[in-house]
There are 2 protein chains.
Amino acid sequence: MTYCVGIVVDEGLVFAADTRTNASVDDVRVHRKLHPFEYPGEAVFVLMAAGNLATTQLLVSRLHRDVEEQRIPNLRSVRHLFEAAEYVGALLVDSQVQCRDPEHGHDGVNTQATLILGGQIAGEQPGVYMIYPLGNAIAASPETPYLQIGESKYGKPILDRIIQPRTALNDAARTAVVSLDSTIRSNLSVGLPVDLALIRRDELRLSGQLRLCGDSPLYADIHRNWARRLEQAVASLPRFPWE
Amino acid sequence: MTYCVGIVVDEGLVFAADTRTNASVDDVRVHRKLHPFEYPGEAVFVLMAAGNLATTQLLVSRLHRDVEEQRIPNLRSVRHLFEAAEYVGALLVDSQVQCRDPEHGHDGVNTQATLILGGQIAGEQPGVYMIYPLGNAIAASPETPYLQIGESKYGKPILDRIIQPRTALNDAARTAVVSLDSTIRSNLSVGLPVDLALIRRDELRLSGQLRLCGDSPLYADIHRNWARRLEQAVASLPRFPWE
């Protein structure tokens, strides 16, 4: 399993993903699921993937190849974010089929993947899309300022309560880390380290990128102090009639 | 769907349940899922149910009948909590079969239910059991001081972070309400009002019972102020290297 979240606020975009992959409970590994594509001053994208690892690795390799070989379309040739989502969606469908080919893999294995693609192209607004295995996509919006893929339920309440368009970019990033940590704590199939990337509006490059391990100051503090902060918040709620 | 949580702390027991039932998204109703059985000075139980409503209503009616008609076993005749769980489990299996009888219902309908049964019998420790559709049961313990049934993922992180044996009973109840609210906010199949019941150790009666609607002071405050308290907690986390 996997948990990734992409957030749009007025100041820019936040991406956070875990790194655990598992074929079963006794085949657990660490693989990067957050992939930046940076063309400074021109365009910047972050792609996150949940699902079949062979499919998503093939997809990422093809995205890089298409730019290097200047195949059209590629991530530098698209003029609008929805076109990037369309292009990546088409490549996803093709990668899923490729992986299902009897000559390349086992029959009966689910080769599907679901993606989050976000970023900004010069002259365009920043945005985040969720791309389905069918290749179609939906965009985040001010009413729904975040999109999740994978094991999304544990980490949803904190996002629902905090994330709004006016949330500061770094606070949105801290919220994303708490959302990841809540999921990691409650579900074995989502695991450390956490990859985090920020894109500040109009900077057209990665504004911050970090791999958080268990001993990172932010992560260690969440483990040490988050429960205490929540306890204080709970204790400050109104009394019951019998108290 | 449904969400119920039963908590054991040193001071006693907390039970919280939503009240939404739905056959599909266009057949949504309010039904009580938290059922107290109070025999003051002798024993006190709370039963919560997720699953087929016909099954659980039949089960609750039978539990009351068995006490009234002094059938053995009944909730007043059992001497240990695990015997109560065994008895209720057997009645659950029987109620599921009863509901599946072609003369009493449609074939192909899932008549299963999962239960949480907690309470205290005079001279015994308080405790909470989860009873499976098969009729077997597991108990909460100091390492796992809460049990959930139904739509459990959204409300799990707050419980994982706060609930410990030393948590005060009323704070555990406030945490349960936040856990319910997180679920209600994130999932349409779980809805207000919320039923809450507390059993303080050795009181052998319900120590507090409350139905929380959207305009209850505690609930209204959670809606108004919980997000703000979380925002403050997020903002107090350590800075990123780029800040």
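Sequence lines set the chain letters: A, B, ... in the order given, protein chains first and strands last, and positions in each chain run from 1. When reading the values below, keep in mind they use all heavy atoms of this one structure, side chains included, and skip hydrogens, waters and symmetry mates.
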What part of [X] gets within 4.5 angstrom of chain A, counting heavy atoms only: side chain, backbone, both, or neither?
X: B:R228; result: neither
X: B:L212; result: neither
X: B:S236; result: both
X: B:E151; result: side chain
X: B:E231; result: both
X: B:A220; result: neither

Examine whether an atom of [X] lies under 4.5 Å from a heavy atom of chain B, and if so say whether it belongs to the side chain, the backbone or both; otherwise answer neither.
X: A:L159; answer: neither
X: A:R229; answer: side chain
X: A:S152; answer: neither

Work out which heavy atom in [X] is nearest to a heavy atom in [Y]; give both atom names and the distance.
X: B:I162; Y: A:A227; value: CG1-O, 4.5 Å
X: B:K153; Y: A:Y154; value: O-CD2, 3.1 Å
X: B:V178; Y: A:R161; value: O-NH2, 3.7 Å

Quick check for you: among [options], which has the greatest number of heavy-atom pairs under 4.5 Å with chain B?
options: A:N225, A:T167, A:L198; value: A:L198
options: A:L230, A:D181, A:N170; value: A:N170
options: A:I222, A:V234, A:I158; value: A:V234

Donor-acceptor contact present, side-chain B:R174 to main-chain A:P238, <3.5 Å
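Flag set: sc B:R174 to bb A:P238 pair under 3.5 Å.
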Residue, of B:L196, B:L218, B:D171, that accumulates the most heavy atom pairs under 4.5 Å with chain A:
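Max contact count across the listed options: B:L218.
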Quick one: does B:L237's side chain get under 4.5 Å of A:Y219's, heavy atoms only?
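They are not in contact (no side-chain heavy atoms under 4.5 Å apart), so the answer is no.
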Within a reach of under 6.0 Å around CD1 of B:I138, are more than 12 heavy atoms found that belong to other residues, nucleotides or ligands?
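Above 12, so yes.
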Please indicate whether A:R211 has more than 12 foreign heavy atoms, meaning atoms of other residues, nucleotides or ligands, lying under 6.0 Å from its CZ.
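Yes, the 6.0 Å shell around CZ holds more than 12 heavy atoms from other groups.
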